[in-house]
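Take a look at the structure below.
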Amino acid sequence: MTPKSAPPRAAAREAAFPPDVADIPPVLDEVELVQLLTPEGERVPHPVYDRYLADVDDETLRSLYRDLVLVRRVDVEATALQRQGELGIWASLLGQEAAQVGSGRALLPQDYAFPTYREHGVAWCRGVDPLALLGLFRGATNGGWDPREHGFHLYTIVIGSQTLHATGYAMGIAMDGAVGDADGAATIAYFGDGASSQGDVNEAFVWAAVYNAPVVFFCQNNQWAISEPLERQTRIPLYQRARGFGFPGVRVDGNDVLATLAVTRKALTDARTGQGPTLVEAFTYRMGAHTTSDDPTRYRLSSDLEAWKLKDPIERVKAHLARGGHADAEFFASVDADADVLAARVRTGCLEMPDPGPLEIFEAVYADPTVQISQQRQGFSTYLDGFAEESA
Amino acid sequence: MELREFKLPDLGEGLTEGEILGWLVAEGDTITLNQPIVEVETAKAAVEVPSPYAGRVVKLHHDAGSTVDVGSPIITVDTAPGDAPGDGMVPDADAPPVPSPSPADLVPTLPDTQEVGAGLIGGAAPGGRTAVLVGYGPRTTTAVRRARKQSAPAAPEAPAVARGKALAKPPVRKLARDLGIDLTSIAGSGEGGTVTRADVQAARTPAAQGVPRSGDVRVPIRGVRKLTAQNMVASAFTAPHVTEFLTCDVTATSELVGRLRTLPEFADVKVTPLLLVAKALLVACRRHPELNASWDEAAQEIVLHGAVNLGIAAATPRGLLVPNVKDAGSLGLPGLAAALTALTQTAREGRTAPADMAGGTITITNVGVFGVDTGTPILNPGEAAILCVGVIRPTPWVVDGQIVVRDVTTLGLSFDHRLVDGQLGSQFLADIGAMLSDPARLLAWS
């Protein structure tokens, strides 16, 4: 740094003693949050997004509620199975059900989703059997489902890289000409507040913006990147970052399944019709641990948790259904019963899941088998046969 | 009767052991599938473990406080109680050991048909209840930790050593004295328990390292003790400590405490001299913010904290803990009193959450509760100062040339000389003393 550009004394002092994050003056705009269903279950009108819910009748509302409950129940059962030594690890979605079901239900069959490792609710909406997810966490498979069959990519453990995959895939859709019509297709990339700091994510934003790719960046801001709070990722609301890259950003109440459904539908519709990418920030909270290997009591206050409990994504739908007369006690009981049956099926299926055969690792290395792989497979097979003779 | 053992699973990724913090069920209890049974702390997390079986608890294999290897059985559950004669009796802990089941045995028996089996969801459970999962299912890991039960160290198995005056002949006594051996620590083998020359020689034999001397008890270093040791060593050998003392007349403070106790604002909280010491410290921090600071070696910066997170050293069943009151400076006196009451209450019950202990910026240690005058406290790591409060005693004191009886205490302040100089530290301590001697200053400087 040349002396000319050296900061004045006051700035140097400021650098040595940075102000508290809370002291930072308000940014660009007022923070706007799209909410259509209050935590108390009251439906509030919205000038832009109401039209995206025109087809949501009582039946749809009840099915959304059912999805939320079933998804949570599977998650709770999987957490228990990990504690009992049946899964190596589990990443709980507790608290994020509405963000996932709302956005998952906004997808059309021709769309393609790129998840992280926590999108169990989106997987559910895309028709992936929960047992297939558990297979991955049990170590019984390296994948678990056919991504093309479900329009739902394999879980991605590397933080944020799937945003590039989604952008590349979306650019492919555009190059195929499958965009711009009513039946156009789009991709959606899931990631978290922690991933927003990754280079990959920012690169994906640039590519998506300049190529006008039909991709929706769906950020579930659950406030925590393992033990790092949101203040360590950004000094402005995450959705406002989109402006710098040149596409719209919107913050939606991620615990509001209706708002999430509407906002994601608009973003996907825009993408499919050639309007380019949108960043959706679903503002939510990770109610559980990062994964079963994590202990959040070591780094966060229980008072925060208590405050978010009042914003539970399922309770508000239940309140709305019950108070509006859209569902009766019998319905709620039947959903709970369905959830228990599903949980029992998941448990049984997990415990009975066969271990993978040792030769399976050769099957999915290349689309077409190569000579080398075939030779390795043959050699390993012969080696395994040797044990069979010994034990015979 | 169908016995199932549950082995401690790897609760994190690649862990080899866990410590049993506490059992949530007892032998003889009837439990449901996924009912939390035990709290286990690993290197990564303290978690509640749900039961993979429904049935009756036959045996808990380890006591709270013990460290258990992953893969070793922790609980045996009878998944079909009532099937065998004699069932219903309290299980015999001395019963022959249950054969270790093969890994496949860990899988709960599942019915071949679609019919829901006993103990499974919707099926019959012991005690005539139906095993249902209430609401959305079993509890997930909560953000609450239970009090850790401290197990008393095992009584030494060595023969009881007679205390008091030991029996020995004078030459043996001299030998023991020359060798620096305490005769009372030796179990005598002579007639009537007399300590012989051979006993003294045997006691002298240099004990191989790790071999306990008679009567020694070896307590494993772990948990809070281990953490305390690490923190104290890190603090003592990183921050150059200076400790200063001030003895002052706090009669006015004692009177003020008595007056505050009668006010309705303080009806529900404890008002103690410590409350006013804390308030004085907070006011002094405002006057001298450099004391509410940290030395950041890595960044080569001194961090002046915006808020005072006031730590209170507390002797608890778990050991020494220093929970802190967040942003104590923002609290009014009743609020501060309530916060201190809650904090000590929580600590005493052993329910202090880790978050309550994180982020402290300055600490008070109240050794006065033990009747001690003062001490040279060691800084809570990362903090610049710690105030030690001694006992308040009626003491002869000179007032206007006359000796009168006054309430007097000694304050001790240790500070980190890297960032606090003697002058600053002295002013800080003198200010606190002045406010306690004359609470009007507390008001004037607030």
Side-chain angles (χ1 to χ4, degrees), chain A residues 15-23 68-90 92 94 287-306 314 335-337 339-345 347-348 350-352, chain B residues 6-15 33-37 40-42 44-53 70-71 103 106-108 110-111 116 120-123 132-145 299-307 326 353-356 358:
Chain A
F17 302 107
D20 256 3
V21 172
D23 296 341
L68 294 171
V69 171
L70 295 187
V71 159
R72 176 175 290 185
R73 186 64 185 85
V74 167
D75 185 74
V76 166
E77 196 66 25
T79 302
L81 284 165
Q82 192 283 335
R83 295 280 182 251
Q84 291 157 0
E86 301 297 343
L87 299 178
I89 187 173
W90 181 253
S92 169
L94 195 67
M287 298 299 284
H290 169 70
T291 67
T292 46
S293 300
D294 172 44
D295 182 355
T297 64
R298 295 189 183 198
Y299 52 80
R300 72 182 186 188
L301 297 171
S302 58
S303 56
D304 291 352
L305 196 66
E306 294 305 317
I314 298 183
V335 171
D336 286 349
D340 284 345
V341 169
L342 176 62
R345 180 173 80 75
R347 167 169 288 269
T348 312
C350 176
L351 299 178
E352 290 175 349
Chain B
F6 176 46
K7 296 170 179 172
L8 182 69
D10 174 3
L11 292 164
E13 296 157 85
L15 299 174
L33 180 68
N34 286 341
Q35 178 179 336
I37 48 173
V40 178
E41 180 157 35
T42 65
K44 290 188 175 176
V47 298
E48 281 180 356
V49 178
S51 172
Y53 309 115
V70 166
L106 277 178
V107 180
L110 291 159
V116 182
L120 291 176
I121 297 162
V132 291
L133 289 154
V134 179
Y136 302 147
R139 289 168 61 201
T140 50
T141 307
T142 56
V144 180
R145 269 192 222 209
Q300 284 298 301
E301 288 171 348
I302 292 167
V303 185
L304 299 175
H305 299 296
K326 301 281 185 287
D356 295 339

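In what follows, chains carry the letters A, B, and so on, assigned in the order in which the sequence lines appear, proteins first and then strands, with residues in each chain numbered from 1.
The side-chain heavy atoms of B:Pro50 and A:Gln84, taken from C-beta on, include a pair separated by under 4.5 Å.
Atom CG of residue B:Asp10 and atom CD1 of residue A:Ile89 lie 10.0 Å apart, to the nearest 0.5 angstrom.
Annotation for B:Ala355 and A:Leu301: closest pair CB-CD2, 3.7 Å, computed over non-hydrogen atoms. The shortest heavy-atom contact between A:Asp295 and B:Ala46 is OD2-N, 3.0 Å. Of all the heavy atoms in A:Gly85 and B:Pro9, the pair that sits closest is CA-CB, 3.2 Å. The minimum heavy-atom distance between B:Leu11 and A:Arg83, with the atom names listed, is CD2-O, 3.6 Å.
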